[in-house]
Amino acid sequence: GTDGDDSFNIATAATTTATGTDRVIAGAGNDTVTLNGSNIAALAAANTMVLDGGTGVNTLKLDGTGQTMDLTNATVAGKVKNFSIIDLTGTGNNTLKLDWQAANTLSGAANVTTTAVNEAKLLVVNGNSGDAVQLANLSQWTVGAAEAGDMLATQLGSQHGFTAGQSYKAYTLNGVTVYVNTA
């Protein structure tokens, strides 16, 4: 899709053999790209796989159980860009490994939707019980108090995927903020 809000489910629509030839370039709008375990494994291999959410506030969603999206791996981080939201909920326990470099570059272009925040340095991670976020060098990050998803949606914009009735903690380092759902 090159315009509007699109959803791409390469977990079922692309390759089932995980050859790493998947190239998703979503374009403008608030898009969602859904991955399965084979897609995630292909990201770490030497291949031409690319996941580009395009402009807008885009979501990268894990579909499955026991998956690990390792954005501390330079190969993986180099293939994934322009996503402001990572959704770990899937069907079971999933993990996101993240370092400052990946969080700093993942969102890509600034979306001028709010005045008090640089969306290019903002990442929202949604998950549920059993999902995990592993931040590299956690002791260097400043951890904020839990904040209500409803309040964050009002303050930062509902397009950022904050879940009503849930709370989020902000992890900040060198101008980058990662909001992690405390569920």
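When reading the values below, keep in mind they use all heavy atoms of this one structure, side chains included, and skip hydrogens, waters and symmetry mates.
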- Of Val124, Asp150, Asn126, which is the lone residue that meets side-chain contact (heavy atoms from CB on, under 4.5 Å) with Thr163? Asn126
- Closest approach of Leu122 to Ser107 (non-hydrogen atoms, all atoms of both residues): O-CB, 3.8 Å
- Any residue meeting side chain to side chain contact (heavy atoms under 4.5 Å, CB included) with Leu173, in chain and number order, not counting sequence neighbours: Trp100, Gln140, Trp141
- Quick one: list whatever passes side chain to side chain donor-acceptor pair (under 3.5 Å) with Asp131, sequence neighbours left out. none
- Can you tell if the side chain of Ile86 reaches within under 4.5 Å of the side chain of Leu98, non-hydrogen atoms only? no
- Would you call Lys61 and Val33 a side-chain contact if the rule is heavy atoms closer than 4.5 Å? no
- Note on the structure: Sorted by chain and number, sequence neighbours left out, side chain to side chain donor-acceptor pair (under 3.5 Å) with Thr182 holds for Ser167
- Going by heavy atoms in the side chains, are Lys121 and Asn104 under 4.5 Å from each other? yes
- Message: Measuring only between side-chain heavy atoms, which start at C-beta, is Asn137 closer than 4.5 Å to Asp99?
- Response: no
- Message: Which residues pass the salt bridge (charged side-chain N to carboxylate O under 4.0 Å, His left out) test with Lys97, not counting sequence neighbours?
- Response: none
- Query: Taking all atoms of both residues into account, what is the closest heavy-atom pair of Gln159 and Leu156, and its distance?
  - Reply: NE2-O, 4.3 Å
- Item | Pair listing, salt bridge (charged side-chain N to carboxylate O under 4.0 Å, His left out) test, anchored in residues 35-58, at least two apart | Asp52-Lys81
- For Gly161 and Ile85, the nearest pair of non-hydrogen atoms, with its separation, is N-CD1, 3.7 Å
- Hey, could you give me the OG/CG distance between Ser129 and Asn93, rounded to the nearest 0.5 Å? 7.0 Å
- List for me each residue that meets ring-ring contact (aromatic ring centres under 6.0 Å, His included) alongside Phe162, sequence neighbours excluded, and say none if there are none. Tyr168, Tyr179
- Message: Suppose we screen for side chain to side chain contact (heavy atoms under 4.5 Å, CB included). Which residues come up paired with Thr75, at least two apart in sequence or across chains?
- Response: Asn73, Lys79
- Query: Does some side-chain heavy atom of Val24 sit less than 4.5 Å from a side-chain heavy atom of Val50?
  - Reply: no
- Distance in Å, Leu35 CG paired with Asp63 CG, rounded so as to fall on 0.5 Å steps: 9.0 Å
- What distance separates Asn39 CG from Leu51 CG, expressed to the nearest 0.5 Å? 7.5 Å
- Item | Gap separating the CD atom of Glu147 from the NZ atom of Lys169, nearest 0.5 angstrom | 11.0 Å
- Student check: side-chain heavy atoms of Gln67 and Leu88 closer than 4.5 Å: no
- Message: I'd like to know if the side chain of Asn94 and the backbone of Gly66 have a donor-acceptor N/O pair within less than 3.5 Å.
- Response: yes
- Message: Holding to side chain to side chain contact (heavy atoms under 4.5 Å, CB included), I want the full list of residues that pass it with Ala45, two or more places apart in sequence or in another chain.
- Response: Asn47
- Message: Nearest 0.5 angstrom please: Ser158 OG to Asn30 CG, how far?
- Response: 9.0 Å
- By side chain to side chain donor-acceptor pair (under 3.5 Å), which residues pair with Thr68, not counting sequence neighbours? none
- Message: Applying side chain to side chain donor-acceptor pair (under 3.5 Å), can you list everything that pairs with Thr177, at least two apart in sequence or on another chain?
- Response: Thr172
- Message: With rounding to the nearest 0.5 angstrom, report the CG to CG distance, Leu60 to Asp87.
- Response: 9.0 Å
- Task: Please tell me if the side chains of Val125 and Asn181 come closer than 4.5 Å, counting only heavy atoms from C-beta onward.
- Result: no
- Query: Are side-chain heavy atoms of Val57 and Phe83 found at a separation under 4.5 Å?
  - Reply: no
